[in-house]
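Structure record follows, encoded as structure tokens.
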Amino acid sequence: MLVTGKEILAKAHQEGYAVGAFNISNMEILQAIIAAAEEERSPVIIQTSEGAIQYAGIDYLKTMVHLAASKASVPVALHLDHGTTYETIISCIRNGYTSVMIDGSHHPLDENIAATNEIIKIAHAVGVSVEAELGRLGGIEDNISVDEKDARLTHPDEAVEFVKATGVDYLAIAIGTAHGKYKGKPELDFERLETIKRLLNMPIVLHGASGVGEEDIKKAVSLGINKINIDTDIRVAFTEGVKAVFKNKPEEYDPRKICGPAREDMKEVIKGKMRLFGCSGKA
Ligand code: TD3
Ligand code: ZN
């Protein structure tokens, strides 16, 4: 069934686990995620970036996800990931997304608050949940100073001010993860997470979670992360699956035989994430 992001994440916050938010850009990825959620009896968040909307078309994506959600026996939310333009966000609300992210993290605090509030007023009027982001993702490189680190990562006092001024439903914070493949090992600032969770006492979101070690993910969940965004690990599973098909049979030309095995591989990766995040059995 299709539900709001707030409904899924309020329960995760109360009970102390995280729900996977997986990016889709085609049918096979969506089917892999839904099958994994069904098999794990897990709630799930399906998200599309602005790039995915440009690639597949919002009509295709929303229709596929609405169909999948209506057939699914587990809670499914449809979320806009990293919404940056007013037009895209409003278009998602009109197209039946149940959650949107307004990413004003590159703006100064006051502008981020203003942009977030503009979206919240509209989204909440029609029962759509809102995620915002504070701090800058990108990870901590070896040559970065402590001061620079502190400037990038989410400041706990600013987080309190931001949430008070906006009433956002869940907040994405920067604690040392980065989008895409990691060059070095990510160093997560768990103390910062612990402080922010204690001060805010609301659902907290972790971006750039592909490639983060299992122990670090478990610790982040135990300290209050409730939504975990995964894209790269699924892309890699898809690509490796397709490569394996061609390695065995270079002359293969049936898309079903190329994408089918990759869909199975993605499903297994996603099931593993659900067990790790603690959302298995929570549907
Ligand atoms: O918002 N996203 C997905 C889009 C980022 C493109 O990689 C994430 O936070 C997931 O990040 P990752 O590192 O899993 O791709
Ligand atoms: Zn992200």
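Counting starts at 1 for both ligands and their atoms, following the listed order. Quantities reported herein were computed from a predicted structural model and do not represent experimental measurements.
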Does the side chain of [X] pick up a donor-acceptor pair with the side chain of [Y] at under 3.5 Å?
X	Y	answer
Ser91	Tyr97	no
Asn229	His207	yes
His124	Lys6	no
Glu50	Thr84	yes
Asn23	Asp81	yes

Is [X] touching ligand 1 with its side chain, its backbone, both, or neither, if touching means heavy atoms under 4.0 Å apart?
X	value
Asn23	side chain
Thr232	both
Ala178	backbone

Handout entry: Check against salt bridge (Lys or Arg N to Asp or Glu O under 4.0 Å), Glu15 and Lys11
Key = CA-CA 6 Å; Glu15 298 180 19; Lys11 185 169 180 283; 3.6 Å; yes
What residue and heavy atom of the protein are closest to [atom], and at what distance?
atom	value
atom 13 (O) of ligand 1	Gly180 N, 3.1 Å
atom 9 (O) of ligand 1	Gly208 N, 2.9 Å
atom 14 (O) of ligand 1	Ser210 OG, 2.6 Å
atom 10 (C) of ligand 1	Asn229 O, 3.6 Å
atom 6 (C) of ligand 1	Asp231 OD2, 3.4 Å

Mark up the atoms of ligand 1 that fall under 4.0 Å of a heavy atom belonging to [X], in ascending order.
X	value
Ile230	14 (O)
His82	1 (O)
Asp81	1 (O), 2 (N), 3 (C), 4 (C)
His207	1 (O), 9 (O)

Problem - Of the N, O or S atoms in His82, the one nearest the Zn ion (ligand 2) - result: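 In His82, the N, O or S atom with the shortest distance to the Zn ion (ligand 2) is NE2.
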Practice task
Using a strict cut-off of less than 4.0 Å between a Lys/Arg side-chain nitrogen and an Asp/Glu carboxylate oxygen, indicate whether Arg136 and Glu133 qualify as a salt bridge.
Solution key: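 The answer is no: the pair does not qualify as a salt bridge.
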Practice task
Would you mind checking if Arg152 and Asp189 are paired as a salt bridge, meaning a charged N to carboxylate O distance below 4.0 Å?
Solution key: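 No, no charged N to carboxylate O under 4.0 Å.
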Exercise for the section: Decide whether an N or O pair under 3.5 Å exists between His179 and ligand 1. Expected result: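 In this structure, His179 places an N or O atom under 3.5 Å from an N or O of ligand 1.
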Exercise for the section: Kindly say whether Arg275 contributes a backbone atom to a donor-acceptor pair with the side chain of Glu40 at under 3.5 angstrom? Expected result: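 Absent.
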Exercise for the section: Flag yes if more than 12 heavy atoms outside Tyr55 fall under 6.0 Å of its OH atom; otherwise flag no. Expected result: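 No, not enclosed.
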Exercise for the section: Round to 10° and report the angle made at the Zn ion (ligand 2) by ND1 of His207 and NE2 of His179. Expected result: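 Output for this angle: 130°, rounded to tens.
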